[in-house]
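Accompanying notes for the structure given below.
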Amino acid sequence: MTANIAIYYKEPTFLMLGVLVTCHLSSSWRDLNTKAKLFDMGLIMSSATYIILYYFIIYLHKGKVDYASMFPASSVTDLISSYLDSDPFLIVFLIPILVWRAFKIIIQKQNFDPIYDSMTLAAITYILVYIKLDLHGVYYLQPAYLFTLIPTVFFLSKAGSLSTSVLKVSYIFTCFFIAYTRAYNRPSLPLSFDAFDKHKYVAMNYDSTLDFLTKDIANQPLNKRANIFLGLNRNSGYEAYLSFGKFLEYKGLTSQRFDLKSDTLNDKTYNFQITNSSSPYTVFKSTSSSIIQKGDYIVILPASYFGQTTENHIRVNSDHTWKGAYQNCTDLNHLDSKYHLIFRTKNQFTIPLSLSEKNPSTSILCRDEPNFYVFKYQ
């Protein structure tokens with residue numbers, strides 16, 4: 001069951017799981033009992049089912065928006081450089097293990113390990129998919145860690161004297177990475193660790209924010225419709241508005257109790273330009289912006305989790321508009337006094353890996369954090 005859930009965690013996971021079980025089944029067919037064979041074949045069918053579902057549910061209904069055309073193509077070198085920033089440990093451990101195992105199997109005719117070699121091939125397949133698709137995200141490769149670290153520990157523990165050689169190769173890669181980060185002024189800590197540390201809070205914080213708004217709006221007079229601004233424009237922030245409205249409805253609020261609005265003009269990050277005149281929410285009806293009024297809610301999301309927008313770093317101005325970008329969190333200590341902070345989420349046990357903020361502990365709001373903030377205009 002957990003394997004089937006994992007398939008839908010991230011798109012290429014179906015391929016990683018499919019490679020794992022296919023290699024395991026084909027390399028150990030004679031040694032497996034009937035139940036084990038059926039188990040592997042079932043997982044292969046699950047991976048194939050994902051392809052079918054994706055084609056009929058997603059691909060055939062993809063619409064006119066082409067995300068790939070919105071961004072310039074990256075070279076393989078640029079992608080590898082980006083992943084050296086976000087996931088250097090995968091490079092440090094996976095490549096030496098792959099080279100070593102290829103040498104042992106091809107040259108020295110060692111038997112293919114049905115479990116650990118299969119995991120290693122599955123991990124590299126998962127990574128190569130993103131390189132082929134020209135995609136990078138600080139959290140994209142996280143599923144590959146499990147399929148990389150377990151074989152690494154196993155092979156090093158069984159290698160005997162050869163483990164020293166592998167460690168030397170890994171050490172060379174580590175030195176190269178450190179030199180690389182210093183030469184090109186890159187972060188010295190894996191960005192994916194930071195993303196993992198923060199992402200574990202996003203869903204809980206999102207749910208807490210929705211619960212607060214649901215209760216607060218429910219306590220308002222029935223004839224008063226609450227206006228909610230997310231601090232994003234309706235173009236690049238389209239998905240954030242759509243999801244926010246759906247979840248509030250799921251929590252029990254109807255469209256008669258709240259409205260979604262945007263006080264910023266559309267940007268050109270994504271060329272959605274989607275309007276729906278029959279929508280109950282203002283943000284979807286037209287491309288025009290709205291003005292924040294007394295009693296309106298302003299919800300600030302952790303923007304890094306809702307895609308790139310031109311308002312990634314924003315603060316409120318006294319003329320009911322949002323000021324331009326800020327360089328660090330401390331700028332938000334100077335929020336206009338008319339915007340009253342009525343709710344915010346707080347995290348515990350968060351590792352401060354981000355090096356972009358000099359004094360994050362002194363700020364009341366930072367959109368690089370996984371926190372949600374609710375203001376009310378007085």
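Note: hydrogens, waters and symmetry copies are ignored here, and every other heavy atom, side chains too, is used.
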- prompt: When you look at Leu301 and Tyr373, which way does the side chain to side chain contact (heavy atoms under 4.5 Å, CB included) test go after all the steps?
  reply: CA-CA 7 Å; Leu301 313 174; Tyr373 296 78; over 6 Å; no
Do you know the tightest heavy-atom contact between [X] and [Y]?
X	Y	value
Leu230	Ala240	CD1-O, 3.8 Å
Ile217	Arg257	O-NH2, 2.9 Å
Thr209	Val374	CG2-CG2, 3.8 Å
Ala123	Thr148	CB-OG1, 3.5 Å
Ile131	Leu79	O-CD1, 3.5 Å
Phe343	Leu341	O-CD1, 3.4 Å

Between [X] and [Y], is there shared hydrophobic-cluster membership here, with clusters defined by ILVMFWY side-chain heavy atoms closer than 4.5 Å?
X	Y	value
Val76	Leu98	yes
Tyr145	Val153	no
Leu135	Ile58	yes
Tyr8	Phe147	yes
Leu38	Ile44	yes

Going by the angle between their ring planes, with limits at 30° and 60°, are [X] and [Y] parallel, tilted or perpendicular?
X	Y	answer
Tyr206	Phe372	parallel
Tyr281	Phe284	perpendicular
Tyr55	Tyr59	parallel
Phe155	Tyr116	perpendicular

message: For a side chain to side chain contact (heavy atoms under 4.5 Å, CB included) check, start with the C-alpha distance between Met41 and Leu25, then their side-chain angles and the critical distance, and finish with the verdict.
response: CA-CA 8 Å; Met41 287 188 287; Leu25 182 63; 3.8 Å; yes
If we only count heavy atoms from C-beta on, is the [X] to [Y] side-chain gap below 4.5 Å?
X	Y	answer
Thr282	Leu260	no
Met119	Ile150	yes
Asp259	Ile228	no
Tyr126	Leu141	yes
Glu249	Phe258	yes
Lys261	Val283	no

- prompt: Run the side chain to side chain contact (heavy atoms under 4.5 Å, CB included) check on Val299 and Phe244 step by step: do they pass?
  reply: CA-CA 10 Å; Val299 181; Phe244 207 84; 4.1 Å; yes
Will you find, in the side chains of [X] and [Y], an N or O donor that is under 3.5 Å from an N or O acceptor?
X	Y	result
Ser289	Asp263	no
Ser46	Asn4	yes
Arg225	Gln220	no
Asp216	Tyr297	yes
Tyr140	Asp87	no
Ser75	Thr77	no
Ser208	Asn205	no

message: side chain to side chain contact (heavy atoms under 4.5 Å, CB included) for Arg101 and Ile105? Distances and angles first, verdict last.
response: CA-CA 6 Å; Arg101 289 302 298 164; Ile105 295 171; 3.9 Å; yes
Pairwise distance [atom1]([X]) to [atom2]([Y]) - rounded to 0.5 angstrom:
X	Y	atom1	atom2	answer
Trp100	Thr152	CH2	OG1	10.0 Å
Asp113	Thr120	CG	OG1	8.5 Å
His24	Ile115	NE2	CD1	5.0 Å
Lys251	Lys215	NZ	NZ	9.0 Å
Ser277	Lys285	OG	NZ	8.5 Å
Leu133	Leu128	CG	CG	10.5 Å

message: Looking at Lys376 and Asp296, is there a salt bridge between them, counting it only when a charged N and a carboxylate O are closer than 4.0 Å?
response: no
- prompt: Within the side chain of Thr22, is there an N or O that forms a donor-acceptor pair under 3.5 Å with the backbone of Val19?
  reply: no
task: Please confirm whether the backbone N or O of Asp31 pairs with a side-chain atom of Ser28, one donor and one acceptor, at under 3.5 Å?
output: no
- prompt: What about His136 and Tyr83, are their ring centers closer than 6.0 Å?
  reply: yes
- prompt: Do Tyr54 and Phe14 have ring centroids that are under 6.0 Å from one another?
  reply: no
Does [X] have more than 12 heavy atoms from other residues, nucleotides or ligands lying within 6.0 Å of its [atom1]?
X	atom1	result
Phe112	CZ	yes
Met45	CE	no
Asn111	CG	no

